[in-house]
Amino acid sequence: MSRHQGDKGNEKSSGRGGESSRKNSYSRGNAPLKNQGGFTKPSSSTKATSAHKSNPNEIRLNKYIANSGICSRRDADVHIATGLVSVNGKVVTEMGYKVKLDDEVRYDGARVNPEKKAYVLLNKPKGFATTTSEGKGRTVMDLVANATTSRIKPIGRLGRNSLGLLLFTNDDAIVEKFTNSKNGIARLFHIELDKNLKLEDLKKIQTGFKIEGKLIAVEEISYIDGASKNEIGLKIKNTGNTIIRSIFDYLKYEIVSLDCVAIGHLTKKDLPRGHWKHLSEQELNTFKML
């Protein structure tokens, strides 16, 4: 656009009239004209200093706390100002302070999780390792990749060739229920052995025994009604299945198949092999009461 567009009949580039029009233009908030040349293009250095570059891996502390569901951002600011919030062990009272998602943020001493809590139940097929590590081939994380954007992890383990239920969450309170050595959450397994389980061995497992000085105990064990004696049901509160392998290796049995058929009150009903589901509110509330 010519800098004289709109000044009809005035072809001078200087003089009182020209200066007046430039002043009026400038007074309306436009940039002043310089060196007889149109608008001046901002330099790249000006852009760099004026533009605010945000780090996508950082988030404001008040938003971090609000995302956890503890309170609103405004209330979070109050808590921060009063010294109730710490980041990586240090109290932070600065407004606008930014943290990384993997920082340890605590509110009134309790760990804060900035993500929405998620609870995913998977009916695991064979051939998938129970790990969050990369480079391990096919893992259970591949099966639940589209379940949620929250960073969930499996509770406990199932061997690559084991089957059945596996619970994923980012809720530390639920994980604690499983790892609590006194209480724990029971898991029920359907186990097929390479030969019939002797009654004397079944009773030995029931009462508990020591392997290398360590007491091995289970919650329950029994034959399965209507099946041969090489199929049993076994309930444990341990989060892994290593204890099961140890028991039958010691007693000279080989496990042909191992299937977790229940976790607490959760079963495989309406959950086909290889599929997952989110826990219902009722299922979650029952878990919290266990």
Side-chain angles (χ1 to χ4, degrees), residues 61 64-71 76 79 84-90 99-124 129-133 139-141 143-144 147-159 162 164-189 208 214-220 234-246 260-268 271 276-290:
L61 182 56
Y64 186 106
I65 295 171
N67 286 353
S68 71
I70 292 175
C71 60
H79 298 322
L84 289 175
V85 179
S86 67
V87 178
N88 298 328
K90 296 182 179 180
V99 295
K100 296 181 177 65
L101 290 178
D102 57 356
D103 282 340
E104 182 184 278
V105 177
R106 291 184 178 271
Y107 164 68
D108 201 18
R111 182 75 183 265
V112 177
N113 189 332
E115 298 175 319
K116 181 180 179 181
K117 290 182 173 60
Y119 312 87
V120 177
L121 184 66
L122 170 70
N123 188 352
K124 177 189 174 300
T130 304
T131 179
T132 57
S133 300
T139 75
V140 292
M141 301 310 297
L143 297 172
V144 298
T148 177
T149 56
S150 297
R151 294 177 292 179
I152 55 176
K153 295 181 179 180
I155 301 177
R157 299 179 68 86
L158 284 176
S162 298
L165 296 179
L166 196 59
L167 183 62
F168 298 73
T169 188
N170 59 345
D171 188 338
D172 291 341
I174 294 296
V175 174
E176 173 65 21
K177 286 184 173 290
F178 280 86
T179 56
N180 186 301
S181 58
K182 292 184 178 179
N183 299 317
I185 302 292
R187 295 192 299 164
L188 177 63
F189 292 86
K214 183 178 180 181
L215 179 64
I216 302 296
V218 302
E219 297 298 308
E220 296 177 26
L234 186 147
K235 184 182 290 186
I236 62 172
K237 287 187 177 179
N238 190 288
T239 55
N241 61 354
T242 304
I243 185 174
I244 300 176
R245 301 283 179 187
S246 298
C260 182
V261 296
I263 300 176
H265 60 290
L266 302 175
T267 68
K268 296 192 290 184
L271 188 60
W276 55 264
K277 72 170 186 176
H278 291 282
L279 295 193
S280 67
E281 185 174 350
Q282 181 178 350
E283 289 172 329
L284 181 57
N285 288 339
T286 301
F287 244 127
K288 290 180 177 179
M289 290 188 292
L290 291 176

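Throughout, residue positions are numbered sequentially from 1 according to the sequence presented.
Between Thr267 and Val261 the shortest side-chain heavy-atom distance does not fall below 4.5 Å. With contacts defined as side-chain heavy-atom distances shorter than 4.5 Å, the pair Thr286/Leu266 does not qualify. Side-chain contact check for Phe168 versus Thr132: every heavy-atom pair is 4.5 Å or farther apart. Counting only heavy atoms from C-beta outward, the side chains of Thr130 and Leu166 approach each other to under 4.5 Å. Residues Ile185 and Ile155 have side chains not in contact (no heavy-atom distance under 4.5 Å, counting atoms from C-beta outward). A heavy-atom distance below 4.5 Å is found between the side chains of Pro154 and Met141. Contact annotation: the side chain of Leu122 never approaches that of Leu165 to less than 4.5 Å [non-hydrogen atoms, C-beta and beyond]. Side-chain contact between Leu284 and His278: absent, with no pair of heavy atoms (C-beta onward) separated by less than 4.5 Å.
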Handout entry: side chain to side chain contact (heavy atoms under 4.5 Å, CB included) evaluation trace for Asp108 with Val85
Key = CA-CA 6 Å; Asp108 201 18; Val85 179; over 6 Å; no
Exercise for the section: List the steps and the verdict of side chain to side chain contact (heavy atoms under 4.5 Å, CB included) for Leu279 and Thr169. Expected result: CA-CA 10 Å; Leu279 295 193; Thr169 188; over 6 Å; no
Exercise for the section: Would you please test Glu104 and Arg111 for side chain to side chain contact (heavy atoms under 4.5 Å, CB included) and show each step? Expected result: CA-CA 7 Å; Glu104 182 184 278; Arg111 182 75 183 265; 3.5 Å; yes
Problem - Residue pair His79, Tyr107: steps toward the ring pair (Phe, Tyr, Trp, His ring centres under 6.0 Å) verdict - result: CA-CA 8 Å; His79 298 322; Tyr107 164 68; 4.9 Å; yes
Practice task
Evaluate the criterion side chain to side chain contact (heavy atoms under 4.5 Å, CB included) for residue pair Asn123 and Trp276; output intermediate values, then yes/no.
Solution key: CA-CA 6 Å; Asn123 188 352; Trp276 55 264; over 6 Å; no
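The closest donor-acceptor contact from the side chain of Asn285 to the backbone of Gln282 lies at 3.5 Å or more, if one exists at all.
A distance of 7.0 Å separates CG in Asn170 from NZ in Lys117, rounded to the nearest 0.5 Å. To the nearest 0.5 Å, the span separating CD1 on Ile263 from CG on Leu121 amounts to 5.5 Å. Note that NZ of Lys177 is 10.0 Å distant from CG of Asp171, once rounded to the nearest 0.5 Å. Distance check: Ile244 CD1 to Leu234 CG gives 5.5 Å after rounding to the nearest 0.5 Å.
Residues passing the ring pair (Phe, Tyr, Trp, His ring centres under 6.0 Å) test with Phe287, sequence neighbours excluded: Phe178, His265. A search for side-chain hydrogen bond (donor to acceptor under 3.5 Å, both in side chains) contacts involving Lys268 returns Asp259, not counting sequence neighbours.
Between Ser162 and Lys124, the shortest heavy-atom contact is O-NZ, 2.7 Å. Considering every non-hydrogen atom in both Ala118 and Ser150, the closest pair reads CB-CB, 4.2 Å. Heavy atoms only, all atoms of each residue included: Val140 and Thr131 are closest at CG2-N, 4.1 Å. Closest non-hydrogen pair, Leu158 versus Phe189, comes out as CD2-CE2, 3.9 Å.
Salt bridge status for Glu219 with Lys235: absent, with no side-chain N to carboxylate O gap under 4.0 Å.
Applying the salt bridge (charged side-chain N to carboxylate O under 4.0 Å, His left out) test to pairs two or more places apart or on separate chains, those with a residue in residues 280-290 are Lys277-Glu283.
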